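Worth saying up front: this structure is predicted, and the values here are computed from it rather than measured.
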Amino acid sequence: MPPKEDAAFVAAMEDVLEVYSRPPTPAIPLVCLDEFAKQLLSESRPAIPAAPGRPARHDYEYVREGSVTGFMIAMPHVGERDVFIGRDGRRTATDFAACLDHIAHRLLPGADKILLVMDNLNTHTTASLYEAFPAEKARALCERFEIHHTPKHGSWLNMAEIEIGLLARQCLNRRIGSVDEFRSQVGAYLRWKNADPKPIRWQFDNSQARVKLRSLYPSV
């Protein structure tokens, strides 16, 4: 949170909160997008498997295997989520563009328009689409999305952060040694969670923000 009055923060916050206050519309679904990274660590020695009354045991030493980046795609109105992992699990402009293509054509091909809330990473711009695709496809993808950015230092406004936290606690809090293993673990988690979807009911709105966060609003 900004330490004092910050018009830029307030403007972006109120824009996102206005989007969240809109009633669910199947033809214009809401998607929240955020990135997360996982350091890949493999075992230096075979682990001792769990047994009745005894947890699995791992050597304190490990082998660094790089890292992998995933894009959390949260659909709060329907309570479903997906994770897009680029070809090499990296965080690049082309990976971001491929993620938007995945959302538009694999997850939500029938949507008239997709409300997209995401943060301000340097790759999270429509310019990334033009780096990855021919101009015709890039422009067509731009037209599929209505993009809203959370303010800087305002990641708490992105509902994808909720899903990342759940994924980290329930799936990623262990050593994972390769991108393929990461895909497998995340895929199993998604199948389990999406089998019992629970919508996110966002409660905080602009009228509350103007009271509870009034110190962030410029004095006029």
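Here the straight-line distance linking atom OG of Ser155 with atom CG of Asn120 works out to 11.5 Å at 0.5 Å rounding. With rounding to the nearest 0.5 Å, the separation of CD1 in Ile176 from CZ in Arg183 is 12.5 Å. If you take CG on Asp82 and NZ on Lys193, they are separated by 14.0 Å, rounding to the nearest 0.5 Å. Considering CZ of Phe84 and CD of Glu35, their distance stands at 11.0 Å, rounded to 0.5 Å. How far OG1 of Thr150 is from CG of Leu17: 11.0 Å, rounded to the nearest 0.5 Å. Rounding to the nearest 0.5 Å places CZ of Phe145 at 8.0 Å from CG of Leu129.
Two residues are said to be in side-chain contact when any heavy atoms from C-beta on lie closer than 4.5 Å; Val19 and Arg22 meet this criterion. At a threshold of 4.5 Å between non-hydrogen side-chain atoms, the residues Gln170 and Trp192 count as touching. Here the side chains of Leu141 and Asp101 are in contact, with some heavy-atom distance below 4.5 Å. Contact of the Glu131 side chain with the Thr92 side chain is not registered, since no non-hydrogen atoms from C-beta on lie closer than 4.5 Å. Tyr130 is not listed as a side-chain neighbour of Thr125, based on a closest heavy-atom distance of 4.5 Å or more. Residues Leu213 and Val10 are not in side-chain contact: their nearest non-hydrogen atoms beyond the backbone lie 4.5 Å or more apart.
Panel note: side chain Asp15, backbone Ala11; no donor-acceptor pair is recorded below 3.5 Å. The closest donor-acceptor contact from the side chain of Tyr20 to the backbone of Phe204 lies at 3.5 Å or more, if one exists at all. Judged by distance alone, the side chain of Thr25 and the main-chain N or O of Pro23 form a donor-acceptor pair under 3.5 Å. In this structure, Arg81 contributes its side chain and Gly79 its backbone to a donor-acceptor pair below 3.5 Å. Looking only at distances, no side-chain donor or acceptor of Asp95 sits under 3.5 Å from a matching main-chain atom of Ile85. Not one N or O on the side chain of Arg106 forms a donor-acceptor pair closer than 3.5 Å with the backbone of Ile103. The backbone N or O of Glu14 sits less than 3.5 Å from a side-chain atom of Asn206, completing a donor-acceptor pair. No donor-acceptor pair closer than 3.5 Å links the side chain of Ser184 to the backbone N or O of Glu181. Between the side chain of Arg144 and the main chain of Ala111, a donor-acceptor pair closer than 3.5 Å is present. With hydrogens and angles disregarded, a donor-acceptor distance shorter than 3.5 Å links the side chain of Lys38 to the backbone of Leu172.
With a 6.0 Å radius and a threshold of 12 heavy atoms from other residues, nucleotides or ligands, Lys113 has its NZ atom above the threshold. More than 12 heavy atoms of other residues, nucleotides or ligands sit less than 6.0 Å from atom CZ of Arg174.
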Problem set entry | Stepwise side-chain contact (heavy atoms from CB on, under 4.5 Å) check, Leu100 with Thr126 | CA-CA 10 Å; Leu100 293 198; Thr126 53; over 6 Å; no
For this session: Before giving the answer on side-chain contact (heavy atoms from CB on, under 4.5 Å), spell out for Met118 and Asp34 the whole-Å C-alpha distance, their side-chain angles and the decisive distance to 0.1 Å.
Result: CA-CA 6 Å; Met118 59 183 175; Asp34 201 4; over 6 Å; no
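When each of Glu146, Met75, His148, Met159 is checked for a side-chain contact (heavy atoms from CB on, under 4.5 Å) with Leu30, only Met159 meets the rule.
For the residue pair Lys4 and Leu216, the shortest heavy atom distance occurs at O-CD2, 3.8 Å. Nearest heavy atom pair, residue Met72 against residue Ile164, reads CB-CG1, 3.6 Å. When all heavy atoms of Pro197 and Pro199 are compared, the pair lying nearest together is O-CD, 4.0 Å. For Cys32 against Asn158, the heavy-atom pair with the smallest separation is CB-OD1, 3.2 Å. Across every non-hydrogen atom of Ala160 and Ala74, the tightest pair is CA-CB, 3.9 Å. Contact between Ala93 and Thr123 at its shortest, heavy atoms only, is N-CG2, 3.8 Å.
Linking ILVMFWY side-chain heavy atoms closer than 4.5 Å, directly or via other members, places Val83 and Leu166 in a single hydrophobic cluster. Grouping the Ile, Leu, Val, Met, Phe, Trp and Tyr side chains by contacts below 4.5 angstrom, directly or via other members, places Ile28 with Ile200.
Relative orientation of the Phe96 and His124 rings is parallel, given thresholds of 30° and 60° on the angle between their planes.
A donor-acceptor contact under 3.5 angstrom links the side chains of Ser207 and Asp205, judged on distance only.
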